[in-house]
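Predicted model only: the values in this text are computed from it and were never measured.
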Amino acid sequence: MSVNTRSKVDVIRETLAAHGPLTSAQLAAHTGIDIKSISAMVAYSCRKGLVERGWFRNQRCYGIDGAFPDATLPEPDMQQNRIQSDAFYRLAMLAANYERGDKFNEAEAHWLDAAELASKVVNIQFCRHRAAFCHHALASGWKYSERGEEC
């Protein structure tokens, strides 16, 4: 069966079933699908419960059901000596704005990206906790607009 007669989501799921957990870049390489399209299709598949998000060696990966028995976030590397950058602050602000706009999938990705750029352990942990919250909010179908007015 060619890629043209199957949906790209099916191709992604079949690739994950055949190869195990993969990053977005690896999925793009295996399937020939543009990485930006991969991200959107994986997000859709996660919302539908067809694909799981998880971690493998400090990298965000995707797999089919049961691929990540321990889906905990990786521990921050306490030995890293990085300078807090403007990019960290921009990503954190974008993540917060996406989160407030009920775009939890985008917020989760931006929080994780911000955690990678953070130099302080407290910021790494905060970003990872926000990403975990967004993941749970997305899976639970939460919306800020359903909570009423904010304080």
Side-chain angles (χ1 to χ4, degrees), residues 1-80 82 85 87-118 121 123-147:
M1 189 179 272
S2 70
V3 173
N4 296 335
T5 59
R6 295 178 294 169
S7 75
K8 290 180 180 179
V9 172
D10 289 338
V11 171
I12 289 170
R13 288 182 54 227
E14 290 169 8
T15 303
L16 290 171
H19 297 280
L22 298 170
T23 65
S24 294
Q26 291 167 330
L27 275 170
H30 282 287
T31 62
I33 300 171
D34 179 57
I35 195 163
K36 291 179 184 176
S37 298
I38 292 279
S39 297
M41 286 180 262
V42 167
Y44 168 82
S45 296
C46 287
R47 283 193 302 274
K48 296 293 183 185
L50 304 171
V51 171
E52 291 182 346
R53 289 184 181 103
W55 292 93
F56 182 72
R57 296 186 182 148
N58 283 344
Q59 288 190 321
R60 167 62 88 189
C61 294
Y62 303 94
I64 57 172
D65 190 31
F68 305 101
D70 183 17
T72 58
L73 295 172
E75 291 297 317
D77 182 357
M78 303 298 184
Q79 302 303 316
Q80 290 180 339
R82 295 180 286 188
S85 67
F88 162 76
Y89 292 110
R90 282 193 302 274
L91 282 171
M93 291 300 294
L94 274 172
N97 288 333
Y98 278 129
E99 191 176 319
R100 283 190 291 271
D102 297 329
K103 296 179 180 175
F104 294 111
N105 188 54
E106 291 88 348
E108 178 186 11
H110 280 78
W111 281 125
L112 292 171
D113 290 343
E116 292 297 317
L117 295 176
V121 173
N123 289 343
I124 295 168
Q125 292 171 337
F126 177 83
C127 291
R128 289 182 175 170
H129 285 288
R130 292 313 305 168
F133 168 82
C134 290
H135 180 78
H136 184 69
L138 181 65
S140 301
W142 292 349
K143 301 247 185 254
Y144 277 104
S145 56
E146 293 174 356
R147 295 188 313 171

With a 4.5 Å limit on heavy-atom distance, are the side chains of W111 and R128 in contact?
no
Minimal non-hydrogen separation, E99 against C134, with atom names
OE1-SG, 3.4 Å
Mind checking what makes salt bridge (Lys or Arg N to Asp or Glu O under 4.0 Å) contact with D10, not counting sequence neighbours?
R13
Among residues at least two apart in sequence or on other chains, which ones pass side chain to side chain contact (heavy atoms under 4.5 Å, CB included) with A17?
I64
Which atoms form the tightest heavy-atom contact between L117 and A87, and what is the distance?
CD1-CB, 3.7 Å
Heavy-atom nearest pair, Y62 first then L16, reads O-CD2, 3.1 Å
Separation between CG of N123 and OH of Y89, rounded to the nearest 0.5 Å:
6.5 Å
Is the distance between the ring centroids of H136 and W142 under 6.0 Å?
yes
If I take atom OG from residue S140 and atom NE2 from residue H135, how far apart are they, to the nearest 0.5 angstrom?
9.0 Å
Answer whether the closest heavy-atom distance between the side chains of L27 and I33 falls below 4.5 Å.
no
Exercise: identify the closest heavy-atom pair between V9 and S45
CG1-OG, 3.3 Å
Any side-chain heavy-atom pair from F104 and D102 closer than 4.5 angstrom?
yes
Rounded to the nearest 0.5 Å, the NE2 atom of H30 sits from the CD1 atom of I38 at a distance of 10.5 Å
From L91 atom CG to Y98 atom OH, the distance as rounded to the nearest 0.5 Å:
10.5 Å
For residues C127 and F88, determine if any side-chain heavy atom of one lies less than 4.5 Å from a side-chain heavy atom of the other.
yes
Tell me whether H19 contacts the main-chain N or O of T15 through its side chain, where contact means a donor paired with an acceptor under 3.5 Å.
no
Roughly how far, to the nearest 0.5 Å, is CG of L138 from NZ of K143?
8.5 Å
Those residues at least two apart in sequence (or on a different chain) that pass side chain to side chain contact (heavy atoms under 4.5 Å, CB included) with T23 are A25, Q26, Q59, C61
CG (N97) and CD (E106) are apart, to the nearest 0.5 Å, by 12.5 Å
